[in-house]
**Student:** 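Below you'll find the structure I mean.
Only heavy atoms go into these numbers, but all of them, side chains included; no hydrogens, no water, no symmetry mates. Just follow the structure's listing: the first ligand is 1, and inside any ligand the first atom is 1. Remember, predicted model here, so these are calculated numbers, not experimental data.
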Amino acid sequence: MISHENGLFHLQGEDFSYLFRVMPTGQLEHLHFGARVSAEDAEALACKPHLGWGGSVLYSEGVCLDVLPLEWSGSGRGDYRETPLELNCAATDFTYESHTVMEGEAEMVSGLPQARGCSQTLCVNMTHPGGIRLRLYYCVFGGVLTRRAVLCNNSSESLWLTKLMSFSVDLPGSYEMTTFDGGWIAEMRRSKVAVGAGRVVHESTTGFSSFLHQPGFLLSQPGAGEDHGQVYGFNLVYSGSHYASAQRSLQGLTRVMQGISPDNFCRELAPGEAFEAPEAVLCWSGKGFGGVSEKLHRFVNSHIVPKYWQYRQRPVLYNDWEGCMFDFNENRLIDLAKRAGKLGCELFVLDDGWFGKRNNDLAGLGDYTVNPKKLPGGLKRLADRVNALGMQFGLWFEPEAVNPDSELYRAHPDWALTDGLSPVYGRNELLLDLTKPEVRDYIVENVSRVLDSANITYVKWDMNRHSIALGARAYDYILGLYDVLRRIFGCREHILLESCASGGNRFDLGMLCFSPQIWCSDDTDPIERLTIQDGLSYLYPQSVMGAHVSAAPHAQTLRATPLTTRGNVSFFGVLGYELDLKHLVSVEEKQIGSQIRFYKTYRELFQFGTFRRIEGEDAVCWQVSGEGIHIAGLFHRLVSAAPGYQRLRLRGLRHDRRYVLKSREQSLRVGQFGALVKHVAPVSLDPNGIVLRTADRHYTMPDGTQELTATGSALESGVMLSPRFMGTGFDPKGRNQGDFGSNVYVVREIFQG
Ligand code: DGJ
């Protein structure tokens, strides 16, 4: 709800208030962003500046902008903190003119995507000498607030805009900034720095949101934890280069802002033109990092992903990439599809290599002709055969890129982006200039034609070029991309679009407005995925994370992990399989079949349940919760020879209710024990002999399971888990998995009466 009285604005979310007011001088003074308060608290919440101005510059008698918490700030008028807007390299001074409150959201005119489904929008019109206007938009979405800014040139001369943030705000207090940084196969590494007097900048400059620096970030009070303390979350509905900064002033105000990166950004605004900054997301919780994540998850599921896919279960998919790479033909694919279907997969995805001369990553991007050697019956026959096996069919595209060795490049070398310099390649490719209408038309026509040529209900939209060589026009590229996506998928809403950019190089809210899921990382090693998916979970729900089980030893780490753990980690996302199914031995087939059955039973919970990261014991612990049911995953990295007691601690339970906890039945490969097999089997076998090797393919040993009942309060305090394997021998009731082992526990409330 948005209310306004006597220059005071009060935006109320489900559990927060956001308050600001018009100062007598016309600037907007920020008063509060936090727990629900009353508008009558405004005066009590306002900063009380001292009167010892000393060498400060006064805006007017008794008003020093430098010490006040502001909703927007100019430059050169006494506020020497960072400004969110830079224009013509001159001072700026925006003051309140008027405001409107409208029902629903105000449409963005540039083509940028935006969150949908708010009840009201507040637009505050700010004016600047010379006919320049700034519109500040605010929307409340349940537990989340969005803000954005539009600069309008109503003057008679061109303006040069070099920076326009989506929002800026001054929050009282000291904070730590948590960001998620990394690179290819190393996405979402979390780090935290204290925000002090020097500016902390978090920025991507590649032209994309990038896996180098994820646009979402958090500000937390020192000492805040998963379920306590004040934490703010921020993110941007945008897929291009982004910028965020935080800086604490002498007076103890922390200025935070976020928007498009000003790096290489310079736009001429002719008279009558406007520039729209992307929508930013702001979220507060008094219940720690977990509180912010829960709100952001609900926001993404309810207001960001396309309406058709909101809370719609995602299918379990099989993707042929890691199993086949470029080496496939129709028969091999059908063989894989038969195997995938038998295991329970619902969607078969043909990845890279189906078109042009695409037999490696040197050629073919830009072309759309199906390779007749690999697929003599075309995509239609393949899709029909997959459908006949009871599965949906999905297809990979990389429409933004072109290889110099392609029909397209030979016909239109000028469509590739080089900025006039000699080309530099990423994965042997250049990007197409999506700012050109004819390039966008080419992509829309070709992708649409292929999609309509067969029953294709899933698209993986890849992009493997690390950066755009577009300088100041990178914003237009991103608008071009959104235009293409809107034109292709707007009229094909039933197609499940999974965005991918060498893994997580474009994991952002802008892409999520079109694609209900994103491929998290090319790194599918489950132990590495604990970091990647854990990092993503701060900002994004499980329903948007593509999480696949791949082969072990793993292609990137050479780490051999149990299939149970590969499955258990992937359960906490959108489950898929990406390995050569032909090489599975029968015990692996059984395990995968049982994983898929288990996942389908609890799919609603895994994809849309409330997700929590549980702090504490010497393992990673994730929990998903629904009405009366919870599932916890407990993941170990390295075990020790003399393991201590281990507890499982859940959250969000009803203290006085009783629950039954059951671990998922898991099996152990006999071969895992090697020469120690004598510890676990009744007979003594040669560890290198054929008998053990054969047994390892066909038989497993049940791992110990655990079942107990306890009150919610006992489960929240932490219930003791069964013992872990020790050199003293195999314990049929214990957990005998060794390094990289994991368990999943289903916890159900016992309904009485
Ligand atoms: C990069 C993606 O991240 C992979 O999953 C795969 O689709 C390859 N591209 C195909 O070239």
**Student:** Going by side chain to side chain contact (heavy atoms under 4.5 Å, CB included), name the residues that satisfy it together with Ala186, two or more places apart in sequence or in a different chain.
**Tutor:**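 For Ala186 the side chain to side chain contact (heavy atoms under 4.5 Å, CB included) partners, ignoring immediate neighbours, are Arg189.
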**Student:** Run the salt-bridge test on Lys373 and Glu330 with the 4.0 Å N-O cut-off and return the result as yes or no.
**Tutor:** no
**Student:** State whether Asp405 and Lys357 are salt-bridged, where the test is any N-O pair (Lys NZ or Arg NE/NH1/NH2 against Asp/Glu carboxylate O) under 4.0 Å.
**Tutor:**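 Salt bridge flag = yes for Lys357 with Asp405.
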**Student:** Just grab all the salt bridge (Lys or Arg N to Asp or Glu O under 4.0 Å) pairs involving residues 548-573, residues at least two apart or on different chains.
**Tutor:**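 Pairs touching residues 548-573 that pass the test: Asp525-Arg559.
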**Student:** Write out the protein residues near ligand 1, meaning a non-hydrogen atom under 4.0 Å from one of its atoms, in order of chain and number.
**Tutor:** Trp321, Asp351, Asp352, Trp396, Arg427, Lys460, Asp462, Asn464, Cys500, Ser502, Gly503, Trp519, Asp522
**Student:** Only counting residues at least two apart or in another chain, list the ones meeting ring pair (Phe, Tyr, Trp, His ring centres under 6.0 Å) with Tyr238.
**Tutor:**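 Result, ring pair (Phe, Tyr, Trp, His ring centres under 6.0 Å) vs Tyr238: none returned.
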**Student:** Taking 4.0 angstrom as the limit, do Arg465 and Glu398 come out as a salt bridge?
**Tutor:**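 Looking at Glu398 together with Arg465, the answer is no, because their closest N to O distance does not fall below 4.0 Å.
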